[in-house]
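Here is the structure we will look at.
Numbering starts at 1 and runs along the sequence shown. Keep in mind that the numbers below use all heavy atoms, side chains included, and drop hydrogens, waters and symmetry copies.
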Amino acid sequence: MKQLNNWQRYALEWGVLVLLVAFLTGIFGVRHDPEAYCPFGGFQAFMHYISHDSLPCEMSSVQIFAGIALAVSAVLFSKLFCAYLCPLGTVSDLLMKLRRHLNIEPWFVPTNGLSDKALRLIKYILLFLILYNTIGTGELFCKRLDPYYAVATGFKGEISLYLSLGMLVVFVLFSFFLWIIFGADIYVL
């Protein structure tokens, strides 16, 4: 996949972020549920639908389609969603820029090193636990600890305050201090 130029990437990231904020705050006249704009929630719902023939919560076919599109794009285009569309990716980029502005050196994680393997293992264990709990309970387990959902709802709604705050702190710290090296390219975790 061809890399986007910086101005294209920033236009896409900021455009998505502005639209998301507009939908969540009700600028267009109707305030939308933050859950409706999370394709990972749609993917979780799709997995529950396959196993139980019912949708968890109040998921719609649009969310299911977005979840399937997320899974397909992750397979075909690697980090397309996380790098260019997800608001957490945009915040991660902003934290990286802030770190550079403050001249703080990041912790580099070399590819295929022990720390890289441990971080990847944690990522897949979390993915498995989230999908397993969603399929088993019929509730979107991820939203209880999702930093996006917690911030979008003002730390209200169906969250576990300590888990979501903990995940938000981990996300901010990792985005600010941790880089993973892939050959000559460097990516924020």
Side-chain angles (χ1 to χ4, degrees), residues 1-47 59-102 104 106 108-109 111 119-120 123-124 126-127 130 140 142-143 145-154 164 167-189:
M1 184 175 105
K2 182 183 171 197
Q3 287 276 25
L4 294 177
N5 292 329
N6 277 346
W7 72 268
Q8 293 169 317
R9 178 181 178 164
Y10 296 142
L12 186 58
E13 284 179 341
W14 283 96
V16 168
L17 190 60
V18 166
L19 281 174
L20 190 60
V21 168
F23 285 132
L24 294 177
T25 58
I27 289 174
F28 296 127
V30 177
R31 188 163 190 204
H32 295 271
D33 179 16
E35 195 173 50
Y37 298 100
C38 181
F40 186 66
F43 180 71
Q44 292 178 71
F46 178 67
M47 298 302 288
M59 297 303 255
S60 69
S61 58
V62 172
Q63 292 156 312
I64 300 292
F65 178 75
I68 294 169
L70 170 66
V72 170
S73 71
V75 170
L76 296 178
F77 304 113
S78 185
K79 297 182 180 195
L80 170 73
F81 176 77
C82 295
Y84 298 115
L85 300 175
C86 180
L88 294 177
T90 303
V91 171
S92 183
D93 282 349
L94 291 173
L95 290 169
M96 179 184 67
K97 286 178 183 13
L98 175 64
R99 184 195 45 73
R100 283 182 181 162
H101 181 73
L102 297 174
I104 296 173
F108 290 99
V109 177
T111 304
L119 289 170
R120 289 175 190 264
K123 174 175 68 173
Y124 290 114
L126 282 174
L127 177 65
I130 288 168
L140 297 179
C142 182
K143 74 179 175 183
L145 55 101
D146 183 7
Y148 156 75
Y149 186 74
V151 171
T153 61
S164 58
M167 291 302 291
L168 185 61
V169 167
V170 167
F171 168 74
V172 168
L173 290 177
F174 273 39
S175 295
F176 194 77
F177 290 111
L178 186 68
W179 278 23
I180 297 179
I181 301 172
F182 292 101
D185 297 326
I186 298 176
Y187 296 93
V188 177
L189 179 66

Only counting residues at least two apart or in another chain, list the ones meeting side-chain contact (heavy atoms from CB on, under 4.5 Å) with [X].
| X | answer |
| --- | --- |
| I104 | R99, L102, F176, F177 |
| L127 | F40, Y124, L131 |
| L94 | W14 |

Self-check item: Beyond-backbone contact of S92 with F171, side-chain heavy atoms, under 4.5 angstrom
Solution: yes
Using atom types as modelled, flag every donor-acceptor pair under 3.5 Å from a side chain in residues 66-77 to any protein atom, sequence neighbours excluded.
| from | atom 1 | to | atom 2 | distance (Å) |
| --- | --- | --- | --- | --- |
| S73 | OG | A69 | O | 3.2 |
| S73 | OG | L70 | O | 3.0 |

Self-check item: Qualifying residue for side chain to side chain contact (heavy atoms under 4.5 Å, CB included) with S175, from V170, L88, D93, L95
Solution: L95
Quiz item: So among V18, T90, V91, which one has a side chain to side chain contact (heavy atoms under 4.5 Å, CB included) with E13?
Solution: T90
Quiz item: Distance from L17 atom CG to L12 atom CG, nearest 0.5 Å?
Solution: 11.0 Å
